[in-house]
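Below is one structure, written out as structure tokens; comments come after it.
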6 protein chains.
Amino acid sequence: MRILLVNPNTTRSMTEKAAVAARAVAGPMTEIEAATSLMGPASIEGHYDGALALPGLLDEIRKGEAAGAQAAIIACFDDTGLDAARAMAGIPIVGICESALVTAGFLAQRFTVVTTLERSRVLIEDLAARYGLGHRVKVRAADIPVLELEDEGSGALDKLRRQIERALEEDGAEAIVLGCAGMADLAYALQQAYHVPVIDGVSAAIKQAEALIAQKLTTSKRGSYASPLPKNYTGAMSVFAPE
Amino acid sequence: MRILLVNPNTTRSMTEKAAVAARAVAGPMTEIEAATSLMGPASIEGHYDGALALPGLLDEIRKGEAAGAQAAIIACFDDTGLDAARAMAGIPIVGICESALVTAGFLAQRFTVVTTLERSRVLIEDLAARYGLGHRVKVRAADIPVLELEDEGSGALDKLRRQIERALEEDGAEAIVLGCAGMADLAYALQQAYHVPVIDGVSAAIKQAEALIAQKLTTSKRGSYASPLPKNYTGAMSVFAPE
Amino acid sequence: MRILLVNPNTTRSMTEKAAVAARAVAGPMTEIEAATSLMGPASIEGHYDGALALPGLLDEIRKGEAAGAQAAIIACFDDTGLDAARAMAGIPIVGICESALVTAGFLAQRFTVVTTLERSRVLIEDLAARYGLGHRVKVRAADIPVLELEDEGSGALDKLRRQIERALEEDGAEAIVLGCAGMADLAYALQQAYHVPVIDGVSAAIKQAEALIAQKLTTSKRGSYASPLPKNYTGAMSVFAPE
Amino acid sequence: MRILLVNPNTTRSMTEKAAVAARAVAGPMTEIEAATSLMGPASIEGHYDGALALPGLLDEIRKGEAAGAQAAIIACFDDTGLDAARAMAGIPIVGICESALVTAGFLAQRFTVVTTLERSRVLIEDLAARYGLGHRVKVRAADIPVLELEDEGSGALDKLRRQIERALEEDGAEAIVLGCAGMADLAYALQQAYHVPVIDGVSAAIKQAEALIAQKLTTSKRGSYASPLPKNYTGAMSVFAPE
Amino acid sequence: MRILLVNPNTTRSMTEKAAVAARAVAGPMTEIEAATSLMGPASIEGHYDGALALPGLLDEIRKGEAAGAQAAIIACFDDTGLDAARAMAGIPIVGICESALVTAGFLAQRFTVVTTLERSRVLIEDLAARYGLGHRVKVRAADIPVLELEDEGSGALDKLRRQIERALEEDGAEAIVLGCAGMADLAYALQQAYHVPVIDGVSAAIKQAEALIAQKLTTSKRGSYASPLPKNYTGAMSVFAPE
Amino acid sequence: MRILLVNPNTTRSMTEKAAVAARAVAGPMTEIEAATSLMGPASIEGHYDGALALPGLLDEIRKGEAAGAQAAIIACFDDTGLDAARAMAGIPIVGICESALVTAGFLAQRFTVVTTLERSRVLIEDLAARYGLGHRVKVRAADIPVLELEDEGSGALDKLRRQIERALEEDGAEAIVLGCAGMADLAYALQQAYHVPVIDGVSAAIKQAEALIAQKLTTSKRGSYASPLPKNYTGAMSVFAPE
């Protein structure tokens, strides 16, 4: 199996960290190809960054599919561009927020997502509601700029721990979901420390992608995700015109 | 008052039709500036077109705000880029789907949106749910490619009428919402024909924009729509980097 | 445009304060006619007062429509009698709670209503749910009897400020909605003080009424709001019998 | 036990029919006192009639409580004035829609309400949603003016049967709820004919009222239903001023 | 009327306490037959105990129906086996959680269930959601093992009081529901102490059972609760095979 | 990896068919152990069969865990006993309905479950709602007794096809979920025939079980699924007493 892991921001160190987490859970026959977006923001913090990450993200998926990937993962917890990618591609597309929440749902009735910045909190609450888990999920922001996760001396881990502890005490959380691709390396140690399931979205997404490939399933092309109709695209976007 | 009306697709005739509808309902002190996206798809039909319309759309809003617009309207019924634009801009941003649904809510308990293609049906159902109106709204697709609305001989109006009639008979619709910016010229005649409110999103959005300006209200910069943080943007997107 | 602003309680000073707020945002061609109910409670605090305010409210709307009003506003945050008025009248009817919540929805993802008494808190929560905004709105009561808002020395403003501060700190509120027509004069100063949108329902409703008139839209008479059927009405209510 | 059964419209024959149904299910120690409103509409068909029925309804409940009633039933399927009566009275107040839906919930997972006129359909759908049963209930209108139920030759029963049959075939209904107090006499025969539970709201409400009295339970006066505050009431409503 | 009250755990003292509560509210013509399960757990604390209580519970209901009971009550607040019993039996089946919540709904807009152990909290939240009352109900666990309720010196009552007080102060609770059959003896004294309705599920269920019998209503056998189809059952379960 | 696949009914041919489907999608390092319940119904058709299947099901899971299984799958589309098994076991437990719906959610926005009998339709609708997918899922019953699926000449496949065709035409289904473990062999051929994703729950569950094992995740023992407390169990159930 060949799975494409796309980091939709342009920071290569995050891609590498996610790729390590991905390879740690992938099956023996799975090859992970990690790609970093070539255009767009260095990190995705809020709706604006997310919007401008889309062309770079879609470009990587298109290239990856052409090169033989059998599924693609969007490694940003906002599930940026998930619907657009599903409409574009012939291969299944998997989001890390969707995967993490679904995985937590097999293990616990109530769980808390700990994410980076306050501006992402409601965005993730709304994703959880879209995936039908609004009544089971709480979201907390740990006040960590995304790129601080790349810097060991930043104190980010302490902030994360503090919110996990509050989730267990105040939210009745039965499991914890790490709400940023940049936290992928921390899940197992936190699980050992707190004795509850701690879910990383990148790991969860790899297994969902493998599951879809093994079942010979791909995105429905009937209705919501019908292939883009051929039409003219103008300017810098003309390279994306569907044929 | 200066209101910017952005057509996020690149088809100028649709911009002009929307601008006519906008000026017909605007107050005497309101100046409508209509802009057409310079990059992206010729029409927005589904999630993929919507994603690639974002850079062009955000660019027009940014330029419009710099030129003195006091509010901006996104003239696509998918409310493409609404959240990103709200995070970016200092002026209020108004979507035409949101405006149309909210307007219908003042007039009827149950209503039906008639949109163009089947691929947009669930997308609009999900928007209605996001705006809290899922239980009051049905959505029907009339099987009309968007650009056929620009062609009088296409039979598009007949298809639209057929779905309105089914909505009244089968859905218990008490009002009709036209689910595409390209239908803005048809609302009043259909209202006269069917004796129920027929709402056009462009017209509705102009009035919402005027309302916000008159009340001296703009997007909250606390939480979800906090201003983008300064960071590096790469490649073709580098022009969008927040400062 | 002629818009009728009905205060459904019998306290004229509240009507006047609401009229001032209304005129401050109304368009240059809009004439506001403010009416005070002639029968019923001096303030509306809970369901019982609301029920007994209905005949007086409906009477003012009927007279106002006969005198040429093109839309009517019910200036009580409980949206008292909204459905009955819509069924009765040929002109559009606008509630101030509905208008305020809808307006906040264009500006923020999460917001808090600060109302007067605890007994109104759940009532407004249920209105928000009815309007589909239950997941986005919290409601707080500031423990202010309605008529204390008419008395500058009452300490009402301090109580209101305290709840706004708690909303910002504890609720994650991105905007504030003032939950009583009697607070209409306070919105702008509070907005300046707290740097978040502060929405007054009377102001919001004026703009919604103007919007409906400009779009030539009125309440659907198909289904829920069909005109009352002619029938016998008995006793003190006989003056209200539909013909 | 003394239970007050209030018909909030002014048609005595409907009161009598409801009283017959009530007495047929009441316990051996229960005394039913049936009262007809003295002011307001001859039938309640839609929101406007409902609003103008309130003073007459509240007046009967106030008199009944003063005369020793231990609970009161509002015998209109719109549950007209339920909240206002609960705030006013010291005795428990029971609605017939609420009672019927709750009773059906003990017997079936999905059920259909068959009501009189189309204008009441959405109103009852919204009541069902308020009572939390929106996902289990469908509502059908049989196109029967309320007072036709008082006229045996009107064909009303045939129309009712037709909708019951459609509910069983098309809605997957497992039980039927009769959606008008004026249908109280028909339930048992329809149940025998269709071999599914057929619930009459008046009968259901009597048993709920007895249940509350036997359990020594009455409306909470904390929060939503706190007693009306003393204040001035003006004009024809002054007789209702709380002390 | 003959009503079967089944305690689905095997602790006779709990059955007796429930029977006392039941007889205190039953009508003069009602005979309560109390049965204790002969196989299964001594108390039901969580999903596992609940599952293993089912054969014993269903056996008692089957025997009770054969012996002439006209309705049966399942006296565990988890409403254990409610759907299975409804499918099996020809008589109406009433759960005590369902009855208590429904009863509270006639008295208050917001209420709190105080139950025994944390492991039952989410289970009851999910029941409340299933019954459509999720938005009106909060659930608190008092950290009381079920059988401590049988031991006066255990301090259980103090723990219960503490959670009731927090519910009134922090949850805005307008009424309290006792979330365990073993608390049936405490309701009235707590109601006197706290001046809000305090509802016991066993008492509530008796009145619902009487209500259904008096209305000649029983479980629908169409759809969800159709009678079990004849088939082979194997091993220890073979005595339960439907014929 | 060792995964236990439990058929909670006692029909071995169904177990074998499910095992074939399971092995077809399992990874190269996965060993599937298929177990058939030794006590209970020959098929699970409705709530009563489901309840009496629990002891046999839990027994197989207990034995399987003791024998070294690292995850267990409950191969009945009702997700019978899922919560009880999660509380009992130390290994993750996966339901086939939950797995199938979650899998469909990665591929389509709207989908239809085609199940066997009408009595299971609402049960599955309620499961979908519990998993948060109520707004995306429709359920159809094909009127096929479960054991007819074991008989090639029964016409079951034709009935199934007819409902799939109606789902595509009438429901706007973008994907199909097969709603019975006994349909596991049909998925791929139906997918080829209808050109939409067709999901089998057994296959989906195997991949979810593998995913959880690979991620070193198991059921949270905090809150809802805390381990059963030691206590006395009586009679035929005494073998299940937790220690």
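Naming convention: chains lettered A, B, ... in sequence-line order (proteins, then strands); numbering from 1 in each chain. Keep in mind the model is a prediction, meaning the values are calculated, not measured.
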Hey, is D:R121 close enough to D:E125 for a salt bridge, meaning N to O under 4.0 Å? yes
The interface call for D:L57 against chain C, heavy-atom contacts under 4.5 Å, is neither
If you count heavy-atom pairs under 4.5 Å between each of D:G40, D:P145, D:A51 and chain C, which one has the most? D:G40
Could you walk me through whether D:D79 and D:R130 pass the salt bridge (Lys or Arg N to Asp or Glu O under 4.0 Å) check? CA-CA 12 Å; D:D79 285 354; D:R130 175 185 155 174; over 6 Å; no
Option that, when pairs with chain C are counted at under 4.5 Å, heavy atom only, ranks first among D:A141, D:G223, D:A226, D:A236: D:A226
Are any side-chain N or O atoms of D:K63 and backbone N or O atoms of D:A67, one a donor and one an acceptor, separated by less than 3.5 Å? no
Presence of salt bridge, D:K138 and D:E170, under 4.0 angstrom: no
With chain D as the partner, which of C:R119, C:R86, C:M237 has the greatest number of non-hydrogen pairs under 4.5 Å? C:R119
Pairing of C:E118 and D:R222 as salt bridge, 4.0 angstrom limit: no
Only pairs of heavy atoms separated by less than 4.5 Å count here; which of C:S37, C:P41, C:A241, C:P228 has the most with chain D? C:P41
Chain D contact via C:T10 - side chain, backbone, both or neither, heavy atoms under 4.5 Å: side chain
Quick one: does any side-chain atom of C:E243 pair with a main-chain N or O of C:P230 as donor and acceptor, under 3.5 Å? no
Under 4.5 Å, counting heavy-atom pairs only, tell me which of C:P55, C:G81, C:G46 racks up the most with chain D. C:P55
With a 4.5 Å cut-off on heavy-atom pairs, point out which of C:L52, C:N232, C:V122 contacts chain D the most. C:L52
Contacting moiety of C:L117, where chain D heavy atoms sit under 4.5 Å: side chain
Non-hydrogen atoms of chain C under 4.5 Å away: do they reach the side chain of D:L54, the backbone, both or neither? side chain
If you tally heavy-atom pairs under 4.5 Å against chain D, which of C:D49, C:L38, C:N9 wins? C:D49
Tell me whether C:K17 contacts the main-chain N or O of C:G182 through its side chain, where contact means a donor paired with an acceptor under 3.5 Å. yes
With the threshold set at 4.0 Å, does a side-chain nitrogen-carboxylate oxygen contact exist between D:D143 and D:R162? no
Is the side chain of D:D78 donor-acceptor paired with the backbone N or O of D:S120 at a distance under 3.5 Å, no angle test? no
To the nearest 0.5 angstrom, please state how far the CD atom of C:E33 sits from the CD atom of C:E60. 9.0 Å
Looking only at C:G56, C:A129, C:A42, most heavy-atom pairs under 4.5 Å shared with chain D are made by C:A42
With a 4.5 angstrom heavy-atom cut-off, which part of C:L58 approaches chain D: side chain, backbone, both or neither? side chain
So which of D:S238, D:A85, D:A84, D:A87 has the biggest tally of heavy-atom pairs under 4.5 Å with chain C? D:A84
Using non-hydrogen atoms only, which part of C:S43 is less than 4.5 Å away from chain D: side chain, backbone, both, or neither? both
